[in-house]
Enquirer: 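Quick one: the structure is below, questions incoming.
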Amino acid sequence: MSASQKKKLQSFEEAAEKAAGSGDINKAIGTAREAIGFIDTLPDSTKNGQYAHFKHMLANFLLHTGDVEVTWKTLKEAKEHNEKDRKERPHNNQAKELYGSILIAESFILLNTGNLSEAEKAVLECISVFEEVHGPDSPNNSKALRSLAMLKEQQGDLKAAFDALKKAYTTVLGAYGLVHPITQRLLDDMVQLLIKMDDLKLAEELSMSAYKKVMEEGPGNGHPVTSDCALRLAQVVLRTGQLDSAEKLVMVCISIRQQILGPDSPLAGVAMITLAQVQAAKGKSPEAETILMKSIEIFRKHEGPESHHHIKICVGEIAKLRKSAGTDVQKPSSPSTSTSKSPVTSPSSAKGKSPTKKSTDTQVNDTAVNESDVMAIVKKAEGINGAIELMNLATQLFQSREFKVAEPVLEKAHGIFLKENGEEHQSTKAAAQNLMITKNNRIHQLWQDIAKEEIEVLEGIENISLGNGSSKEDFEW
């Protein structure tokens with residue numbers, strides 16, 4: 001292969017990885033396939049190794065689409081080309097290592113489709129291959145050991161799973177240090193597994209030690225790894241009932257992530273889920289729900305399976321809050337069968353302080369709601385007259401299914417009625433009921449959107465990782 005051909009393939013690889021890293025899986029898939037098309041033009045003597053490499057990469061991207069059948073087919077093709085490549089280059093460690101990575105991918109799919117016996121064979125063979133290439137105590141074996149841990153966890157042998165993770169963590173920590181992405185990922189896995197084992201004491205010790213070390217020895221506050229360590233510790237102390245400490249730690253995480261990545265960063269949104277859980281544990285359900293709704297808005301700005309997954313988590317957390325409050329929100333069976341309650345009629349004739357004038361400022365174009373215009377109306381609204389007109393506006397918004405926009409309108413109306421007429425007045429109760437109905441329908445609407453998207457990426461598959469949206473890179477196959 002010529003130098004220009006190698007450079008071309010390298011550019012394909014870099015472009016595909018960049019697209020995947022930014023969440024554009026479709027672009028990553030297209031680039032990988034383009035690379036495979038380019039390999040078709042290369043001399044036969046060099047094809048198998050390159051085919052195996054890029055088809056393995058393509059399989060990695062395809063798995064994110066949820067199409068396990070196509071992923072498995074592509075992975076098998078990669079394995080066939082790798083087998084030919086290893087026959088052509090029997091002493092090439094790079095080809096052997098790729099074989100091990102393909103086995104990890106195989107074991108992952110087998111594991112998550114319930115074929116534990118075949119998954120175990122693939123994992124054990126992978127460990128054997130990696131130890132042959134790298135030696136028994138190499139940090140390069142960590143991917144295989146992590147796969148073994150996942151297998152043992154599903155088999156119910158949590159101690160064996162923890163031992164595999166501990167071995168991987170020890171070697172990686174010694175080789176790369178605490179702040180390395182792989183070290184942090186393995187630490188996440190260990191802590192999550194300890195939580196599952198109900199060993200919160202050791203989970204807290206490991207998490208606290210890591211947080212103190214990054215704060216005292218570096219990189220210190222303001223670094224992505226520090227945010228990861230803070231969130232990990234927050235999730236542990238939340239479970240031990242140290243709610244004030246958990247809140248402070250998660251706020252450290254959110255602050256760092258927003259400072260580095262911006263206020264609408266999905267990583268900040270993930271941390272906000274934990275903050276909502278802290279608020280819920282403190283008995284502050286309204287605050288928790290507000291945080292979760294804000295997280296949902298962040299995730300909806302970012303396309304991809306990860307955002308979709310976190311939206312479902314947020315909706316589930318809100319459903320828990322509503323259930324505990326006696327206002328359960330059920331997931332509709334399908335978008336076509338869900339129903340929406342209608343809001344209570346505006347209390348324009350209710351006794352109490354009365355409006356003095358009917359305004360026309362609350363008219364909103366039914367075909368295109370301008371949220372900024374609505375918020376301007378909300379800001380100007382005053383007194384009973386303003387509250388009643390806000391109720392009328394909310395009814396318009398409700399009828400056009402603009403539940404998100406209607407919510408702050410009703411919140412303002414309720415606040416005015418509460419101040420002017422008191423909690424027991426008909427108008428105050430009507431506004432409160434309308435607000436609850438609107439919130440419920442907003443949750444139903446989110447479930448509908450999720451159902452319409454039909455993105456079910458490995459639905460129901462649990463990973464031993466904390467899933468805390470850390471800023472570190474995940475393992476690759």
Side-chain angles (χ1 to χ4, degrees), residues 1 4-42 47 49-79 81-82 94 97-98 101-102 104-106 108-109 112 143 180-182 184-185 224 228 257 260-262 264-270 298-312 453-459 461 463 465 467-477:
M1 191 191 313
S4 62
Q5 290 170 330
K6 288 181 180 179
K7 188 174 181 180
K8 181 74 171 177
L9 283 175
Q10 184 178 355
S11 68
F12 279 127
E13 183 171 359
E14 290 172 354
E17 289 176 347
K18 183 178 179 180
S22 66
D24 192 345
I25 295 299
N26 288 333
K27 184 176 181 180
I29 290 171
T31 304
R33 284 178 169 153
E34 191 177 350
I36 291 168
F38 176 72
I39 293 169
D40 290 337
T41 67
L42 298 178
K47 282 185 177 181
Q50 296 298 337
Y51 272 135
H53 175 75
F54 279 96
K55 291 202 172 188
H56 169 253
M57 176 185 285
L58 176 59
N60 190 6
F61 299 149
L62 286 168
L63 186 61
H64 288 277
T65 68
D67 194 336
V68 178
E69 184 177 348
V70 174
T71 303
W72 185 257
K73 179 177 179 294
T74 306
L75 199 58
K76 283 298 183 184
E77 291 171 356
K79 190 175 183 180
H81 285 294
N82 176 260
Q94 189 175 13
E97 184 166 10
L98 179 58
S101 296
I102 292 171
I104 289 177
E106 276 192 357
F108 182 81
I109 295 175
N112 291 301
K143 290 189 292 185
H180 194 277
I182 296 178
Q184 288 292 307
R185 174 60 67 189
D228 300 339
R257 291 182 177 182
I260 296 173
L261 302 170
D264 291 334
S265 162
L267 293 178
V270 171
I298 289 174
F299 295 132
R300 289 179 71 81
K301 294 177 183 178
H302 301 271
E303 297 290 338
E306 280 294 316
S307 291
H308 174 82
H309 171 68
H310 287 121
I311 288 172
K312 289 198 288 186
E453 289 168 6
E454 295 182 345
I455 306 173
E456 298 296 338
V457 182
L458 298 179
E459 180 69 12
I461 293 173
N463 190 293
S465 169
N468 65 357
S470 64
S471 53
K472 48 198 175 292
E473 298 172 3
D474 202 349
F475 279 85
E476 293 182 1
W477 290 346

Enquirer: Kindly indicate whether the side chain of T31, heavy atoms from C-beta on, has any atom under 4.5 Å from the side chain of F61.
Expert: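 Result no, sub-4.5 Å side-chain heavy-atom pair not found.
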
Enquirer: Nearest 0.5 angstrom please: I25 CD1 to H64 NE2, how far?
Expert: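 One gets 5.0 Å once the value is rounded to the nearest 0.5 Å.
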
Enquirer: Is any side-chain heavy atom of H56 closer than 4.5 Å to a side-chain heavy atom of N60?
Expert: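 The answer is no, as the side chains (C-beta and beyond) never meet within the 4.5 Å cut-off.
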
Enquirer: Under the criterion side-chain hydrogen bond (donor to acceptor under 3.5 Å, both in side chains), which of Q184, R257, R185 is the partner of D228?
Expert: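 Passing option: R257.
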
Enquirer: Run the side-chain hydrogen bond (donor to acceptor under 3.5 Å, both in side chains) test against Q5 and tell me which residues pass, sequence neighbours left out.
Expert: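 If we apply the side-chain hydrogen bond (donor to acceptor under 3.5 Å, both in side chains) test to Q5, skipping adjacent residues, the hits are S2.
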
Enquirer: Work out which heavy atom in N82 is nearest to a heavy atom in A52; give both atom names and the distance.
Expert: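 Smallest interatomic distance, heavy atoms only, reads N-CB, 3.6 Å.
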
Enquirer: Once rounded to the nearest 0.5 Å, what's the spacing between atom NE2 of H53 and atom CD1 of I102?
Expert: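 H53 NE2 to I102 CD1: 10.5 Å, rounded to 0.5 Å.
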
Enquirer: Determine whether E17 and M57 make a side-chain contact, defined as any pair of heavy atoms from C-beta on separated by less than 4.5 Å.
Expert: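 Yes, at least one pair of side-chain atoms sits under 4.5 Å.
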
Enquirer: Using a 4.5 Å cut-off on heavy atoms from C-beta on, say whether the side chain of K76 contacts that of E106.
Expert: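 Side chain of E106 against side chain of K76, heavy atoms only: contact under 4.5 Å found.
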
Enquirer: Output, in order, the C-alpha distance, side-chain angles, deciding distance and verdict of side chain to side chain contact (heavy atoms under 4.5 Å, CB included) for I260 and L267.
Expert: CA-CA 10 Å; I260 296 173; L267 293 178; over 6 Å; no

Enquirer: Can you measure from CD1 (I104) to CG (L75) and round to the nearest 0.5 angstrom?
Expert: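 Between atom CD1 of I104 and atom CG of L75 there are 11.5 Å.
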
Enquirer: About how many Å separate CG of L42 and NZ of K8, when rounded to the nearest 0.5 Å?
Expert: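 Reported to 0.5 Å precision, the distance equals 11.5 Å.
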
Enquirer: Should E14 and K18 be marked as a salt bridge (Lys or Arg N to Asp or Glu O under 4.0 Å) after you check the CA-CA gap, both sets of side-chain angles, and the distance that decides it?
Expert: CA-CA 6 Å; E14 290 172 354; K18 183 178 179 180; over 6 Å; no

Enquirer: Check for me whether K55 meets the cation-pi criterion with Y51, that is, NZ or CZ under 6.0 Å from the six-membered ring centre and within 45 degrees of the ring axis.
Expert: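 Yes, a cation-pi geometry holds between K55 and Y51.
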
Enquirer: Nearest 0.5 Å, what's the CG-CD1 distance between L9 and I36?
Expert: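 That separation rounds to 10.5 Å.
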
Enquirer: Parallel, tilted or perpendicular for F299 and H310, by the 30°/60° rule?
Expert: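 Answer is parallel, since the angle falls under 30°.
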
Enquirer: Check whether any side-chain heavy atom of K6 lies under 4.5 Å from a side-chain heavy atom of Q10, and answer yes or no.
Expert: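 The answer is no; the side chains never approach within 4.5 Å.
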
Enquirer: So, using salt bridge (charged side-chain N to carboxylate O under 4.0 Å, His left out) as the criterion, who are the partners of D67 when residues are at least two apart?
Expert: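 Not a single residue meets the salt bridge (charged side-chain N to carboxylate O under 4.0 Å, His left out) criterion with D67.
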
Enquirer: Give the minimum heavy-atom separation between L62 and T65, together with the two atoms involved.
Expert: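 Looking at all heavy atoms of both residues, the shortest contact is O-OG1, 2.5 Å.
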
Enquirer: Could you grab the distance from atom NZ of K79 to atom CH2 of W72, nearest 0.5 Å is fine?
Expert: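 One gets 7.0 Å once the value is rounded to the nearest 0.5 Å.
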
Enquirer: Please name the pair of heavy atoms, one in A32 and one in A16, separated by the smallest distance, quoted to 0.1 Å.
Expert: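 Nearest pair, atom of A32 first, then A16: N-CB, 4.5 Å.
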
Enquirer: On a heavy-atom basis, which atom in T71 and which in A59 lie closest, and how many Å separate them?
Expert: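 Heavy atoms of T71 and A59 come nearest at CG2-O, 3.3 Å.
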
Enquirer: Answer yes or no: are there more than 12 heavy-atom neighbours, outside K47 itself, under 6.0 Å from its atom NZ?
Expert: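 Yes, the 6.0 Å shell around NZ holds more than 12 heavy atoms from other groups.
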
